[in-house]
There are 2 protein chains.
Amino acid sequence: MDVRTICLGILTRGDATGYEIKKLFEEGGYEHFVEASFGSIYPALSRLTDEGFVSVRSEAQEKRPDRKVYSITPVGRSAFVATLLKPLPEDRHRSPFVFAMLFADLLPQAHVSAMVDHYIGQVEEKLAHLNSHSDASKSDGERFVMDYGRTVYEATLNFLRTHRAEIENQPAQAAE
Amino acid sequence: MDVRTICLGILTRGDATGYEIKKLFEEGGYEHFVEASFGSIYPALSRLTDEGFVSVRSEAQEKRPDRKVYSITPVGRSAFVATLLKPLPEDRHRSPFVFAMLFADLLPQAHVSAMVDHYIGQVEEKLAHLNSHSDASKSDGERFVMDYGRTVYEATLNFLRTHRAEIENQPAQAAE
DNA sequence: GTTTGCATGTAAACGGTTACATGATTGG
DNA sequence: CCAATCATGTAACCGTTTACATGCAAAC
C-alpha cells in the first residue's frame, strides 16, 4: 500500500497532522505491516490536498511551525473505499534474515547462532509491543489485525526455538 | 536484501545466467521472501562483473542472444559472506490485505468475505507450491527456510479460518 | 547538557519496476 | 495458431528513503 492510501486510511479514523499520522502507525502496533517516513508523508498530504481528497486547516502556534490538521473529504473517503474494493497488490515479505539462513553453511556456526538469537529478540520485542496495547477502544478490524500479528509472531518464535538446531549443528565451513 | 546480494548468493551454489537466476528464485520456493525482475538482475550482474565479484563467459548460440554464464569469484564470495556477517536490514512484511482488514468496517461484508477467501486461496497456493518441492538435494539452510515458510503459512491459514467471523459479522456500514 | 518530542518541509539519491525492443523454438 | 520458453538488455518512470534545514521546550 502506498503512502497516499495509508494516509487516507488513518484520516478515516479522525483528523490528524502529518506528524501524528506517522506516530499513529508506529504506535498502533501495525508498524510491521505498514510504514512511512516524513519524506513521503508530507508530499503525499500536499498532493491529496491538491486533488481534493483531504482538506487542511492551519493552527497557528507560537515558536513552532503551524500545525496543519488534515481531514478527509467525502471524495477522499469514496476514493479510499474504492481502492480497497479493487484487487489489492500481493503481500511481500522481504526477510534478509531468511535469506541469510539459506546460506548458513557458509557462515561460522557461532554467528548463525547469534543471528538466530538476535532475530528471536526482535520478534519478542514486537510481540511485547503488540501486547502492551489494550484491545479496548479498537475496531473489530484493528483487533483482528493485532491478533493476526500475535499469531504469526508466536508461530515464528515457536518454529525458531524448536528448529534452530538444524542450522546450528553443522560443521563450520566458514569464510576463508 | 538487494538484488546484487541475491545474485551473489545464488552464484555461490553454482554458475548461472541472468535468466536462470530469476527462475531459480521463482522455483526455489523462496519467492515470497526474495524477488527480482530482469530489469534489476541484468544491470546488477554487469556491475558485479565490473567490480570483480563475478566473471562471465559467453556461450555463443544460434538464433538466440549469447548465453552469458556468470561465476562468482573468490573476491565475490568473501564480499557475500561479509555482507551476511554485517548487521542485516530488518524484515518488512508489507501486507495490503492486512491493511484492508483494518478498515473492514468501511466495506460491504460480502466483499470482506471475498477478500478473505481470496487471500486464503493465495496462501494455500504458496503452501502447495512449497510442498511440491522435495526436500532432497537441499542444503540444511534451504530445508530450514522451507519448513519455516510452511509453518508461517499454516499458522496464517489456521488463524484466518478460525477468526474470520470476527470481521465478517459486523453490521455493514458500507460506502455511500 | 544532551536527548527526546514537537512540527514542517525540500532535494538528492536510490533501488526497483514496467514497458519496450528483438526473435527463434517448442508445446499445447 | 497462440502461448510459453529461452535469452539479453535499455530507458523511462516511480515511490521511497536519507539527509538536510530550522528551532523551541521539556524531561532526564
Side-chain angles (χ1 to χ4, degrees), chain A residues 1-11 15-27 31 33-51 54 56-70 83 88-96 99, chain B residues 1-8 10-11 15-27 31 33-51 54 56-70 83 88-94 96 99:
Chain A
M1 279 295 137
D2 56 31
V3 173
R4 283 163 52 81
T5 310
I6 293 170
C7 289
L8 281 182
I10 293 177
L11 293 174
D15 297 354
T17 65
Y19 189 85
E20 285 164 353
I21 285 174
K22 180 145 197 287
K23 293 215 75 192
L24 281 168
F25 259 71
E26 274 167 9
E27 285 167 11
E31 73 286 348
F33 301 108
V34 195
E35 229 178 346
S37 63
F38 287 128
S40 56
I41 290 173
Y42 287 122
L45 288 170
S46 316
R47 223 186 107 196
L48 287 169
T49 308
D50 293 345
E51 292 167 344
V54 304
V56 212
R57 70 194 120 92
S58 276
E59 291 179 0
Q61 296 194 130
E62 283 152 33
K63 309 284 184 182
R64 266 187 211 176
D66 291 0
R67 268 166 62 86
K68 289 184 158 189
V69 183
Y70 292 89
T83 301
L88 301 173
E90 280 207 21
D91 283 21
R92 32 181 59 189
H93 186 160
R94 288 307 146 78
S95 178
F99 176 77
Chain B
M1 276 298 136
D2 56 31
V3 174
R4 284 162 52 80
T5 309
I6 293 170
C7 290
L8 281 182
I10 294 176
L11 293 175
D15 296 355
T17 66
Y19 189 84
E20 285 166 351
I21 285 175
K22 182 147 196 288
K23 294 216 74 191
L24 281 167
F25 258 71
E26 272 167 11
E27 286 168 10
E31 73 286 349
F33 301 109
V34 194
E35 229 178 348
S37 64
F38 287 129
S40 56
I41 289 173
Y42 287 122
L45 288 170
S46 317
R47 224 186 106 194
L48 288 169
T49 308
D50 294 344
E51 294 167 342
V54 304
V56 213
R57 70 194 121 92
S58 273
E59 291 179 0
Q61 296 193 130
E62 281 152 35
K63 310 283 185 182
R64 267 190 209 172
D66 292 358
R67 268 166 61 86
K68 288 185 159 189
V69 184
Y70 292 89
T83 302
L88 302 173
E90 280 207 20
D91 284 21
R92 31 182 57 191
H93 187 159
R94 287 306 145 78
F99 177 77

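Hydrogens, waters and symmetry mates play no part in the numbers below; they use all other heavy atoms, side chains included. Lettering of chains follows the sequences in order, A, B, ..., and the numbering in each one begins at 1.
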| request: Would you indicate what A:G39 reaches in the nucleic acid, counting non-hydrogen atoms under 4.0 angstrom: base, sugar-phosphate, or nothing? | output: base
| query | Looking for any heavy atom pair under 4.0 Å, which part of the strands does A:K22 touch: base, sugar-phosphate only, or nothing? | reply |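 Result for A:K22 = nothing.
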Ignoring backbone atoms, test whether [X] places a side-chain nitrogen or oxygen under 4.0 Å from the OP1 or OP2 oxygen of [N].
{"X": "A:K23", "N": "C:dA7", "result": "no"}
{"X": "A:T17", "N": "C:dT8", "result": "yes"}
{"X": "B:S37", "N": "C:dG16", "result": "no"}

| message | By nearest atom, which of the nucleotides C:dA7, C:dG16, D:dA7 is closest to the A:R67 side chain? | response |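 Nearest to the side-chain atoms of A:R67, counting from C-beta on, is C:dA7.
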| query | If you check every side-chain atom of B:P43, which of D:dT17, D:dT10, C:dT10 has the closest atom? | reply |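 Taking heavy atoms from C-beta onward, the closest nucleotide is D:dT10.
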Nearest-Å distance for atom pair [atom1]/[atom2], residues [X] and [N]:
{"X": "A:Y19", "N": "C:dG9", "atom1": "OH", "atom2": "P", "result": "14 Å"}
{"X": "A:F25", "N": "D:dT16", "atom1": "CZ", "atom2": "P", "result": "13 Å"}
{"X": "B:L45", "N": "D:dG9", "atom1": "CG", "atom2": "P", "result": "8 Å"}
{"X": "A:M1", "N": "D:dG15", "atom1": "CE", "atom2": "P", "result": "13 Å"}
{"X": "B:I21", "N": "D:dA7", "atom1": "CD1", "atom2": "C1'", "result": "13 Å"}
{"X": "B:F38", "N": "D:dT5", "atom1": "CZ", "atom2": "P", "result": "11 Å"}
{"X": "A:Y42", "N": "D:dA19", "atom1": "OH", "atom2": "C1'", "result": "16 Å"}
{"X": "B:K68", "N": "D:dC6", "atom1": "NZ", "atom2": "P", "result": "19 Å"}

| query | Going from OH on A:Y70 to OG1 on A:T17, what distance comes out if it is rounded to the nearest 0.5 angstrom? | reply |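 The OG1 atom of A:T17 is 9.0 Å from OH of A:Y70, to the nearest 0.5 Å.
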| Side-chain heavy-atom pair A:T5, B:F99 within 4.5 angstrom cut-off | yes
| message | Using the rule given for salt bridge (charged side-chain N to carboxylate O under 4.0 Å, His left out), can you reason through A:E90 versus A:R92, listing the C-alpha separation, both sets of side-chain angles and the distance that settles it, and then say yes or no? | response | CA-CA 6 Å; A:E90 280 207 21; A:R92 32 181 59 189; over 6 Å; no
| message | Once you measure the plane-to-plane angle for B:Y19 and B:F38, does it fall in the parallel (<30°), tilted (30-60°) or perpendicular (>60°) bin? | response | parallel
| So, for A:L45 and A:T49, which heavy atoms are closest and what is the spacing to 0.1 Å? |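 Minimum heavy-atom contact is O-OG1, 2.6 Å.
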| field | Comparing B:S46 and A:E35 on DNA chain D - which has the more 5′ nearest nucleotide | value |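 In this pair, the answer is B:S46.
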